[in-house]
There are 2 protein chains.
Amino acid sequence: MSSYKDKKVISIGIVSDLTGLSLRKIRYYEERGLLSPGRTEKGGRKYSFSDVETLMKIAERREEGVQTAEIKKELVKDISRQKVRDEMIKGQLNAQFGLRKR
Amino acid sequence: MSSYKDKKVISIGIVSDLTGLSLRKIRYYEERGLLSPGRTEKGGRKYSFSDVETLMKIAERREEGVQTAEIKKELVKDISRQKVRDEMIKGQLNAQFGLRKR
DNA sequence: CGTGTAAGGAATTCTGACACG
DNA sequence: CGTGTAAGGAATTCTGACACG
(Lines give C-alpha, C1' and ligand atoms only; values in the text may rest on other atoms or scores of the structure.)
Protein backbone atom coordinates (compact mmCIF):
# COMPACT_ATOMS: atom_id res chain seq x y z
CA MET A 1 0.00 0.00 0.00
CA SER A 2 2.07 2.94 1.23
CA SER A 3 5.84 3.23 1.31
CA TYR A 4 8.51 5.88 1.53
CA LYS A 5 6.20 8.29 -0.20
CA ASP A 6 3.82 8.43 2.71
CA LYS A 7 6.25 8.37 5.60
CA LYS A 8 6.16 11.57 7.62
CA VAL A 9 9.83 12.37 8.04
CA ILE A 10 10.57 15.74 6.47
CA SER A 11 10.82 18.89 8.57
CA ILE A 12 9.13 22.09 7.50
CA GLY A 13 12.35 23.85 6.54
CA ILE A 14 13.20 21.19 3.97
CA VAL A 15 9.63 21.20 2.71
CA SER A 16 9.96 24.92 2.22
CA ASP A 17 13.11 24.37 0.15
CA LEU A 18 11.44 21.60 -1.84
CA THR A 19 8.30 23.55 -2.64
CA GLY A 20 9.49 27.13 -2.60
CA LEU A 21 6.66 28.00 -0.23
CA SER A 22 7.19 30.11 2.89
CA LEU A 23 6.89 28.51 6.31
CA ARG A 24 3.91 30.74 6.91
CA LYS A 25 2.06 29.45 3.86
CA ILE A 26 2.80 25.83 4.64
CA ARG A 27 1.45 26.23 8.16
CA TYR A 28 -1.54 28.18 6.94
CA TYR A 29 -2.62 25.51 4.47
CA GLU A 30 -2.51 23.06 7.31
CA GLU A 31 -4.61 25.39 9.44
CA ARG A 32 -7.18 25.43 6.63
CA GLY A 33 -7.18 21.64 6.55
CA LEU A 34 -5.56 21.10 3.15
CA LEU A 35 -3.02 18.69 4.56
CA SER A 36 -2.07 17.22 7.89
CA PRO A 37 1.57 16.62 8.70
CA GLY A 38 2.66 14.39 11.54
CA ARG A 39 4.28 15.69 14.70
CA THR A 40 7.41 14.82 16.60
CA GLU A 41 7.17 14.31 20.34
CA LYS A 42 8.13 17.88 20.99
CA GLY A 43 5.70 19.33 18.46
CA GLY A 44 7.78 19.63 15.31
CA ARG A 45 5.89 19.12 12.05
CA LYS A 46 6.85 16.12 9.88
CA TYR A 47 5.83 15.85 6.22
CA SER A 48 5.81 13.05 3.65
CA PHE A 49 6.72 13.27 -0.03
CA SER A 50 2.99 13.02 -0.68
CA ASP A 51 2.49 16.11 1.42
CA VAL A 52 5.15 17.87 -0.61
CA GLU A 53 3.32 16.97 -3.81
CA THR A 54 0.06 18.17 -2.35
CA LEU A 55 1.69 21.45 -1.47
CA MET A 56 2.92 21.86 -5.02
CA LYS A 57 -0.59 21.31 -6.33
CA ILE A 58 -1.86 23.86 -3.83
CA ALA A 59 0.76 26.36 -4.96
CA GLU A 60 -0.32 25.94 -8.57
CA ARG A 61 -3.98 26.43 -7.81
CA ARG A 62 -3.27 29.42 -5.57
CA GLU A 63 -1.35 31.06 -8.39
CA GLU A 64 -4.47 30.66 -10.47
CA GLY A 65 -6.33 32.60 -7.81
CA VAL A 66 -8.24 29.65 -6.39
CA GLN A 67 -9.13 29.97 -2.71
CA THR A 68 -8.04 27.42 -0.14
CA ALA A 69 -11.60 26.27 0.56
CA GLU A 70 -12.00 25.38 -3.11
CA ILE A 71 -8.62 23.72 -3.33
CA LYS A 72 -9.51 21.66 -0.32
CA LYS A 73 -12.50 20.17 -2.14
CA GLU A 74 -10.39 19.40 -5.17
CA LEU A 75 -7.83 17.60 -3.06
CA VAL A 76 -10.49 15.34 -1.60
CA LYS A 77 -11.53 14.36 -5.11
CA ASP A 78 -7.93 13.77 -6.07
CA ILE A 79 -7.65 11.30 -3.25
CA SER A 80 -10.67 9.32 -4.44
CA ARG A 81 -9.30 9.20 -7.97
CA GLN A 82 -5.96 8.12 -6.60
CA LYS A 83 -7.58 5.19 -4.86
CA VAL A 84 -9.45 4.11 -7.95
CA ARG A 85 -6.29 4.32 -10.03
CA ASP A 86 -4.31 2.32 -7.50
CA GLU A 87 -6.93 -0.40 -7.56
CA MET A 88 -6.84 -0.56 -11.34
CA ILE A 89 -3.09 -0.88 -11.43
CA LYS A 90 -3.23 -3.55 -8.79
CA GLY A 91 -5.80 -5.39 -10.88
CA GLN A 92 -3.66 -5.10 -13.96
CA LEU A 93 -0.59 -6.50 -12.28
CA ASN A 94 -2.65 -9.24 -10.79
CA ALA A 95 -4.02 -10.20 -14.18
CA GLN A 96 -0.50 -10.29 -15.59
CA PHE A 97 1.37 -12.03 -12.82
CA GLY A 98 -0.81 -12.71 -9.83
CA LEU A 99 -2.58 -15.79 -11.15
CA ARG A 100 0.42 -17.45 -12.70
CA LYS A 101 0.89 -20.59 -10.69
CA ARG A 102 4.07 -21.28 -12.65
CA MET B 1 16.58 5.35 -11.63
CA SER B 2 16.34 7.17 -8.32
CA SER B 3 13.25 8.56 -6.65
CA TYR B 4 12.00 9.44 -3.21
CA LYS B 5 14.18 6.73 -1.79
CA ASP B 6 17.35 8.58 -2.64
CA LYS B 7 16.33 12.14 -1.87
CA LYS B 8 18.29 13.59 1.02
CA VAL B 9 15.60 15.20 3.11
CA ILE B 10 15.58 13.62 6.57
CA SER B 11 17.26 15.30 9.52
CA ILE B 12 19.46 13.34 11.89
CA GLY B 13 16.95 13.40 14.75
CA ILE B 14 14.32 11.62 12.67
CA VAL B 15 16.92 9.18 11.38
CA SER B 16 17.78 8.41 14.97
CA ASP B 17 14.11 7.68 15.70
CA LEU B 18 13.81 5.55 12.56
CA THR B 19 16.91 3.48 13.22
CA GLY B 20 17.16 3.51 16.99
CA LEU B 21 20.79 4.61 16.68
CA SER B 22 22.24 7.46 18.74
CA LEU B 23 23.21 10.71 17.05
CA ARG B 24 26.78 9.96 17.99
CA LYS B 25 26.77 6.61 16.20
CA ILE B 26 25.15 8.02 13.09
CA ARG B 27 27.74 10.76 12.86
CA TYR B 28 30.56 8.34 13.59
CA TYR B 29 29.61 5.96 10.78
CA GLU B 30 29.71 8.92 8.47
CA GLU B 31 33.13 9.87 9.79
CA ARG B 32 34.29 6.35 8.95
CA GLY B 33 32.93 6.72 5.44
CA LEU B 34 30.07 4.19 5.63
CA LEU B 35 27.58 6.70 4.29
CA SER B 36 27.47 10.29 3.17
CA PRO B 37 24.44 12.40 3.97
CA GLY B 38 23.76 15.67 2.22
CA ARG B 39 24.01 19.02 3.95
CA THR B 40 21.72 21.99 4.24
CA GLU B 41 23.13 25.44 3.58
CA LYS B 42 23.82 25.98 7.23
CA GLY B 43 25.48 22.61 7.73
CA GLY B 44 22.64 20.39 8.89
CA ARG B 45 22.85 16.75 7.80
CA LYS B 46 20.17 15.43 5.45
CA TYR B 47 19.59 11.70 4.90
CA SER B 48 17.65 9.63 2.37
CA PHE B 49 15.59 6.51 3.02
CA SER B 50 18.45 4.60 1.42
CA ASP B 51 20.76 6.03 4.03
CA VAL B 52 18.35 4.89 6.72
CA GLU B 53 18.40 1.37 5.29
CA THR B 54 22.17 1.43 5.14
CA LEU B 55 22.26 2.45 8.78
CA MET B 56 20.03 -0.46 9.72
CA LYS B 57 22.37 -2.86 7.95
CA ILE B 58 25.27 -1.28 9.77
CA ALA B 59 23.50 -1.67 13.09
CA GLU B 60 22.93 -5.37 12.40
CA ARG B 61 26.53 -6.02 11.49
CA ARG B 62 27.82 -4.03 14.45
CA GLU B 63 25.69 -6.15 16.77
CA GLU B 64 27.46 -9.15 15.30
CA GLY B 65 30.72 -7.54 16.32
CA VAL B 66 31.86 -6.58 12.84
CA GLN B 67 34.10 -3.51 12.71
CA THR B 68 33.22 -0.45 10.68
CA ALA B 69 36.12 -0.93 8.25
CA GLU B 70 34.80 -4.39 7.39
CA ILE B 71 31.21 -3.19 7.11
CA LYS B 72 32.36 -0.48 4.78
CA LYS B 73 33.73 -3.08 2.36
CA GLU B 74 30.52 -5.06 2.51
CA LEU B 75 28.49 -1.98 1.71
CA VAL B 76 30.52 -1.31 -1.40
CA LYS B 77 29.79 -4.85 -2.58
CA ASP B 78 26.12 -4.39 -1.79
CA ILE B 79 26.06 -1.41 -4.07
CA SER B 80 27.55 -3.39 -6.97
CA ARG B 81 25.01 -6.15 -6.45
CA GLN B 82 22.29 -3.57 -6.29
CA LYS B 83 23.29 -2.25 -9.67
CA VAL B 84 23.38 -5.68 -11.25
CA ARG B 85 19.98 -6.50 -9.80
CA ASP B 86 18.51 -3.25 -11.04
CA GLU B 87 19.79 -3.99 -14.53
CA MET B 88 18.26 -7.44 -14.46
CA ILE B 89 14.88 -6.16 -13.39
CA LYS B 90 15.06 -3.52 -16.04
CA GLY B 91 15.84 -6.21 -18.59
CA GLN B 92 12.94 -8.32 -17.35
CA LEU B 93 10.46 -5.53 -17.63
CA ASN B 94 11.82 -4.66 -21.02
CA ALA B 95 11.39 -8.22 -22.22
CA GLN B 96 7.81 -8.25 -20.93
CA PHE B 97 6.63 -4.86 -22.04
CA GLY B 98 9.36 -2.87 -23.69
CA LEU B 99 9.28 -4.53 -27.10
CA ARG B 100 5.53 -4.76 -27.40
CA LYS B 101 4.71 -2.46 -30.24
CA ARG B 102 1.03 -3.14 -29.66
C1' DC C 1 -8.87 35.74 3.02
C1' DG C 2 -3.97 34.96 2.67
C1' DT C 3 0.47 36.19 4.01
C1' DG C 4 4.33 38.88 6.23
C1' DT C 5 6.67 39.89 10.31
C1' DA C 6 8.62 40.73 15.06
C1' DA C 7 8.60 38.25 19.69
C1' DG C 8 10.03 35.00 23.13
C1' DG C 9 10.95 30.55 24.12
C1' DA C 10 11.97 25.77 23.44
C1' DA C 11 14.12 22.04 20.92
C1' DT C 12 17.65 20.63 17.36
C1' DT C 13 21.99 20.20 15.47
C1' DC C 14 26.94 21.24 14.94
C1' DT C 15 31.87 20.74 16.12
C1' DG C 16 35.87 19.57 18.85
C1' DA C 17 37.30 17.38 22.90
C1' DC C 18 37.92 14.40 26.92
C1' DA C 19 36.86 9.79 28.82
C1' DC C 20 37.01 4.75 28.80
C1' DG C 21 38.67 0.78 27.10
C1' DC D 1 38.03 1.24 17.99
C1' DG D 2 33.41 2.74 19.10
C1' DT D 3 30.55 5.41 21.86
C1' DG D 4 29.02 8.53 25.73
C1' DT D 5 28.90 13.04 27.42
C1' DA D 6 29.29 18.02 28.79
C1' DA D 7 30.17 22.61 26.34
C1' DG D 8 29.08 26.70 23.77
C1' DG D 9 27.07 28.45 19.94
C1' DA D 10 24.23 28.72 15.91
C1' DA D 11 20.13 27.60 13.32
C1' DT D 12 15.28 25.70 13.43
C1' DT D 13 10.71 25.52 14.71
C1' DC D 14 6.64 26.66 17.54
C1' DT D 15 2.66 29.57 18.87
C1' DG D 16 -0.18 33.67 19.19
C1' DA D 17 -0.67 38.18 17.57
C1' DC D 18 -0.75 42.46 14.95
C1' DA D 19 -0.78 44.39 10.20
C1' DC D 20 -2.74 45.01 5.59
C1' DG D 21 -6.24 44.48 2.57
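Reminder, nothing fancy here: chain letters follow the sequence lines and each chain counts from 1.
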Legend entry - Closest to side chain of Tyr28(B), choosing from dT3(D), dT12(D), dT12(C):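 It is dT3(D).
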Legend entry - Listed nucleotide nearest any side-chain atom of Lys25(B), set dT15(C), dT15(D), dT3(D): dT3(D)
Grab the [atom1]-[atom2] distance between [X] and [N] for me, whole Å please.
| X | N | atom1 | atom2 | result |
| --- | --- | --- | --- | --- |
| Lys42(B) | dC14(C) | NZ | C1' | 13 Å |
| Leu23(B) | dT15(C) | CG | P | 12 Å |
| Leu34(B) | dT3(D) | CG | C1' | 14 Å |
| Ile26(A) | dG2(C) | CD1 | P | 16 Å |
| Ile14(A) | dT12(C) | CD1 | P | 16 Å |
| Arg24(B) | dG4(D) | CZ | C1' | 8 Å |
| Glu41(A) | dT13(D) | CD | P | 18 Å |
| Arg39(A) | dA10(C) | CZ | P | 17 Å |

Inset, instruction - Apply side-chain contact (heavy atoms from CB on, under 4.5 Å) to the pair Val15(A) and Ile26(A), showing each step before the final yes or no. - result: CA-CA 8 Å; Val15(A) 170; Ile26(A) 297 172; 3.8 Å; yes
Legend entry - Distance-only side-chain donor-acceptor flag, Asp6(B) / Ser50(B), under 3.5 Å: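 The answer is yes; a qualifying pair exists.
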Inset, instruction - May I ask you to say what Ser22(B) touches in the nucleic acid, namely base, sugar-phosphate or nothing, with a heavy-atom cut-off under 4.0 Å? - result: sugar-phosphate
Legend entry - Sugar-phosphate, base or nothing in reach of Arg32(A), heavy atoms under 4.0 Å: sugar-phosphate
Inset, instruction - Stems involving DNA chain C: give each as a range paired with a range, ordered by first number, where a stem means at least three consecutive Watson-Crick or G-U wobble pairs under 3.5 Å. - result: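 Stem list for DNA chain C: C:2-5 with D:17-20, C:17-20 with D:2-5.
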Inset, instruction - Kindly state which residues belonging to residues 55-74 of chain B come within less than 4.0 angstrom of DNA chain D, counting heavy atoms of the residue only, listed by number. - result: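 Hits under 4.0 Å, by residue number: Arg62(B), Gln67(B), Thr68(B).
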Do side-chain atoms of [X] reach the backbone of [Y] as a donor and acceptor pair under 3.5 angstrom?
| X | Y | result |
| --- | --- | --- |
| Thr19(B) | Val52(B) | no |
| Asp51(B) | Ser48(B) | yes |
| Lys72(A) | Tyr29(A) | no |
| Arg62(B) | Val66(B) | yes |

Inset, instruction - With Glu30(A) as reference, evaluate Arg45(A), Lys46(A), Lys25(A) under the salt bridge (charged side-chain N to carboxylate O under 4.0 Å, His left out) test and give the passing residue. - result: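 Among Arg45(A), Lys46(A), Lys25(A), the one meeting salt bridge (charged side-chain N to carboxylate O under 4.0 Å, His left out) with Glu30(A) is Arg45(A).
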Legend entry - N/O (side chain, Arg45(A)) to phosphate O (OP1/OP2, dT13(D)) under 4.0 Å: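 Indeed not, no polar side-chain atom of Arg45(A) lies that close.
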Inset, instruction - Tell me which of Ser11(B) and Glu31(A) sits closer to the 5' end of DNA chain C, going by the nucleotide each one is nearest to. - result: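 Looking at DNA chain C, the more 5' nearest nucleotide goes with Glu31(A).
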Inset, instruction - Could you list all the ring pair (Phe, Tyr, Trp, His ring centres under 6.0 Å) pairs where at least one residue sits in residues 44-75 of chain B, not counting sequence neighbours? - result: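 Non-adjacent pairs meeting ring pair (Phe, Tyr, Trp, His ring centres under 6.0 Å): Tyr4(A)-Phe49(B).
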Legend entry - Gap between atom CD1 of Ile14(B) and atom NZ of Lys7(A) - 0.5 Å precision: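 The CD1 atom of Ile14(B) is 10.5 Å from NZ of Lys7(A), to the nearest 0.5 Å.
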